Amino acid sequence: MSEERAASDRRWWALLVLSIAQLLVVLDATIVTISLPYAQADLGIRDADKQWVFTAYTLMFGGLLLLGGRLADYVGRRRIFLIGLVGFAVASALAGAAVSPGMLFAGRALQGMFAALLAPSALSLVSVTFTAAQERARAFAVFGGVSGAGFAVGLIGGGALTQYASWRWCLLVNIPIAAATAAAALLVVVRDVPVRRVGGYDLPGVVLVTAGLASVVYGFNRAAQAGWAAAGTVALLVIGVCLLLAFVAIEARVANPLLPLRIPGEINRGGSFLVALLVPVAMYAVFLFLSYYFQQTLGYSPLKAGIAFLPFPFGIVVSAGIASKLLPQVGPRVLMLAGAQLGAGGLIYLAQLRVGYPYWAAVLPAEIVIALGMAQIFVAMQATALYAIDDRDAGVASGLLNAVQQIGASIGTALLTTIAVQVSTRYARNHPPTPDLPARAAIHSYDVGFYWGAGFFVLAAIVVAITIRVRKLDPVTDPDRAATIPA
């Protein structure tokens, strides 16, 4: 009994380590948001180039996730996890010590590359470590809560570090955290046995999906800067889609595919991947526009703007705990539908924002409602995306989940930024000039963006209603058996 208890305790300590690593990956996408103006001034980054602080990270991260997931399966998840942590720390040191824009961009690109190893290996380790239904639900609740809260934690941490230390510490802070996490992983994360590989690597698939995902992600990032109709934007998106279609065609024919089509082909998993694409678009409506609202309209300092986001991580932690208890009982469908409705309702409330409305009345209630909904979605979505996955495919399935979330984030940033600029310009043109016109035009553009975000939550709810049919997430590992479970 003592040995069994020790093994159980070790699993939960391992979950803590894996969750911290996931937090590093998620928050690093947003932690530099508030500090960017300071880095730009310090390094002399041109306005036309400042987007590369984000794009360099997302491009490598999104493009290499499937490869990172498959390497975790074939080389060993724990080994790839440790390589990802060490590499992420080194890349953070390079970016934090940057003396030129190119050095900062290179460091961010390396961060994205090692994050593409870290994220799928961490999620797949959670999947293969916890197999009992109740424990699995609790584990995914913790991991999903961390994923959902990471965006807000990044903004809070970035604000505090920028105000009291330096923009560089938004990057350098990763070094001690990654080092401590790697040391703890050696003690508590069990060494897994790599999947036996039959046949060679799917090199054409690797090239096509990496280039295709990178092209799509870059295309959406470029759309936010140059517009949707720009020749470069259209070319990147068309090339990316063609490469991904070619990738699917190859995966259906090769003997040892990088991404077996049975993974997204099962209806519950396929629905979860689609929800994972849609929800980040809605999430970015919250973080993008509230970040502008706090700092530009209300005049908050970086730290105060970060503190204004605190209801998100707190609400997500509470809601994730509730979801862990409900998931084995009611199944993922109910949780995902409830979460999408809460998210849509919160964004519609935010869309009533007007000049002069106080934070506690106009923003705080919506933050709490959206946070409660996001946790329900993330916990159920991550568990369902790995539903009935055989251990040999856990890494690449985790990579696919992270990849579609990254694409969704890129879509959200590009789409909502473009809409906000167009709406604000049109509003200012159609109203008489007054001292508060810029503020009113900005808030009107945020309101429109919030309505769009609510629409994506509604679309996610429709996808859930059609595709999520499994009643309970028992630890089934046979995909054929999973497909026959009745609705």
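Please read these numbers as outputs of a predicted model, since none were measured by experiment.
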Query raised in the report: For the residue pair Trp452 and Phe457, is the inter-centroid distance of their aromatic rings smaller than 6.0 Å?
Result: no
Query raised in the report: Does the Arg269 side chain pair with the main chain of Ile263, one donor and one acceptor, at a distance under 3.5 Å?
Result: yes
Query - Separation of Asp28 CG from Leu23 CG (nearest 0.5 Å) - result: 9.5 Å
**Report entry** Test item: side-chain donor near acceptor, Gln111 and Ser92, under 3.5 Å
**Finding:** yes
Report summary line: In this structure, OG of Ser272 is separated from CG of Leu277 (nearest 0.5 Å) by 12.5 Å
Requested in this report: Side-chain contact test, heavy atoms from C-beta onward, threshold under 4.5 Å: evaluate it for Leu258 versus Leu203 and give yes or no.
Outcome: no
Would you tabulate the side-chain donor-acceptor contacts of residues 231-240 under 3.5 Å, counting partners in other chains and residues two or more places apart, or write 'none'?
from: Thr233; atom 1: OG1; to: Gly227; atom 2: O; distance (Å): 3.0

**Report entry** Closest contact, heavy atoms only, Pro120 versus Gly395
**Finding:** CB-O, 3.7 Å
Query raised in the report: Would you say the side-chain atoms of Arg108 pair up with the backbone N or O of Val53, donor to acceptor, closer than 3.5 Å?
Result: yes
Report summary line: Across all chains, not counting sequence neighbours, the side chain to side chain contact (heavy atoms under 4.5 Å, CB included) partners of Ala14 are Val188, Val189
Report task. Taking the six-membered ring for Trp and the full ring for Phe, Tyr or His, determine whether the centres of Trp52 and Tyr218 are under 6.0 Å apart. Result -> yes
Requested in this report: Using ring pair (Phe, Tyr, Trp, His ring centres under 6.0 Å) as the criterion, list what pairs up with Phe61, not counting sequence neighbours.
Outcome: Tyr57
Report summary line: So side-chain hydrogen bond (donor to acceptor under 3.5 Å, both in side chains) across residues 112-129, not counting sequence neighbours, yields Ser127-Arg136
Report task. Compare every heavy atom of Ala139 with every heavy atom of Val126, then report the nearest pair and how far apart it is. Result -> CG1-CB, 4.1 Å
Query raised in the report: Ile407 versus Leu213: any side-chain heavy-atom pair under 4.5 Å?
Result: yes
Requested in this report: Kindly give the heavy-atom pair with the smallest separation between Glu367 and Ala308, and that separation in Å.
Outcome: OE2-O, 2.8 Å
Query raised in the report: Do Val209 and Leu244 come within less than 4.5 Å of each other through their side chains, counting heavy atoms only?
Result: yes
Query - Evaluation steps, side-chain contact (heavy atoms from CB on, under 4.5 Å), between Val90 and Leu94 - result: CA-CA 6 Å; Val90 173; Leu94 176 66; 5.8 Å; no
Query raised in the report: Val32 and Leu36: side-chain contact (heavy atoms from CB on, under 4.5 Å), yes or no, with the steps?
Result: CA-CA 6 Å; Val32 297; Leu36 179 57; 5.6 Å; no
Report summary line: Here the gap from Leu261 atom CG to Glu266 atom CD, rounded to the nearest 0.5 Å, amounts to 14.0 Å
Requested in this report: Report the C-alpha separation of Ile267 and Val470 in whole Å, then their side-chain angles, then the decisive distance to 0.1 Å, and conclude whether the side-chain contact (heavy atoms from CB on, under 4.5 Å) test is met.
Outcome: CA-CA 9 Å; Ile267 190 166; Val470 63; over 6 Å; no
Query raised in the report: Do you know the tightest heavy-atom contact between Asn268 and Thr384?
Result: O-CG2, 3.7 Å
Query - Side-chain heavy-atom pair Val379, Leu327 within 4.5 angstrom cut-off - result: yes
Requested in this report: Please check if the side chain of Asn174 supplies one atom and the backbone of Leu171 the other of a donor-acceptor pair under 3.5 Å.
Outcome: yes
Taking distance alone, no hydrogens or angles, what donor-acceptor pairs closer than 3.5 Å link side-chain atoms of residues 333-347 to residues at least two apart or in another chain?
from: Arg333; atom 1: NH1; to: Ala465; atom 2: O; distance (Å): 3.1
from: Arg333; atom 1: NH1; to: Ile468; atom 2: O; distance (Å): 2.9
from: Arg333; atom 1: NH2; to: Ala465; atom 2: O; distance (Å): 3.3
from: Gln341; atom 1: NE2; to: Leu337; atom 2: O; distance (Å): 3.4

Query raised in the report: side-chain contact (heavy atoms from CB on, under 4.5 Å) between Phe114 and Leu64: does it pass, once the steps are laid out?
Result: CA-CA 9 Å; Phe114 285 106; Leu64 295 173; over 6 Å; no
Query raised in the report: Given side chains that start at C-beta, do those of Phe294 and Phe309 come closer than 4.5 Å, heavy atoms only?
Result: yes
Requested in this report: Return yes when atom OH of Tyr38 has more than 12 non-hydrogen atoms of other residues, nucleotides or ligands closer than 6.0 Å, and no otherwise.
Outcome: no
Query raised in the report: At what distance, to the nearest 0.5 angstrom, does CG of Leu43 lie from CG of Asp49?
Result: 12.0 Å
Report summary line: Output for pair (Met113 CE, Leu65 CG), nearest 0.5 Å, gives 13.0 Å
Requested in this report: Might you point out which heavy atoms bring Ile80 and Leu117 nearest each other, and give the distance in Å?
Outcome: CG2-O, 3.6 Å
Query raised in the report: Taking only residues two or more places apart in sequence or in another chain, which ones pass side chain to side chain contact (heavy atoms under 4.5 Å, CB included) with Leu459?
Result: Leu278
Query raised in the report: So, for Phe456 and Ala282, which heavy atoms are closest and what is the spacing to 0.1 Å?
Result: CB-CB, 4.2 Å
Report summary line: To the nearest 0.5 Å, atom CH2 of Trp167 lies from atom OG1 of Thr162 at 10.0 Å
Query - Heavy-atom side-chain proximity of Phe143 to Ser19 below 4.5 angstrom - result: yes
Query raised in the report: Which of parallel (below 30°), tilted (30 to 60°) and perpendicular (above 60°) describes Phe289 and Phe450?
Result: perpendicular
Report task. Verify, without hydrogens or angle tests, whether Ser324 (side chain) and Gly321 (backbone) share a donor-acceptor contact under 3.5 angstrom. Result -> yes
Query raised in the report: Checking Asp390 side chain against Asp393 main chain: does a donor-acceptor pair fall under 3.5 Å?
Result: no
**Report entry** Thr467 (side chain) donor-acceptor with Val463 (main chain) under 3.5 angstrom
**Finding:** yes
**Report entry** Beyond-backbone contact of Val421 with Ser445, side-chain heavy atoms, under 4.5 angstrom
**Finding:** no
Query raised in the report: Do the side chain of Gln376 and the main chain of Ser319 share a donor and acceptor less than 3.5 angstrom apart?
Result: yes
Query raised in the report: Would you say Asp192's side chain and Arg77's backbone share a donor-acceptor pair under 3.5 angstrom?
Result: yes
Query raised in the report: Taking the side chain as C-beta and beyond, is there a heavy-atom pair between Phe378 and Met381 under 4.5 Å?
Result: yes
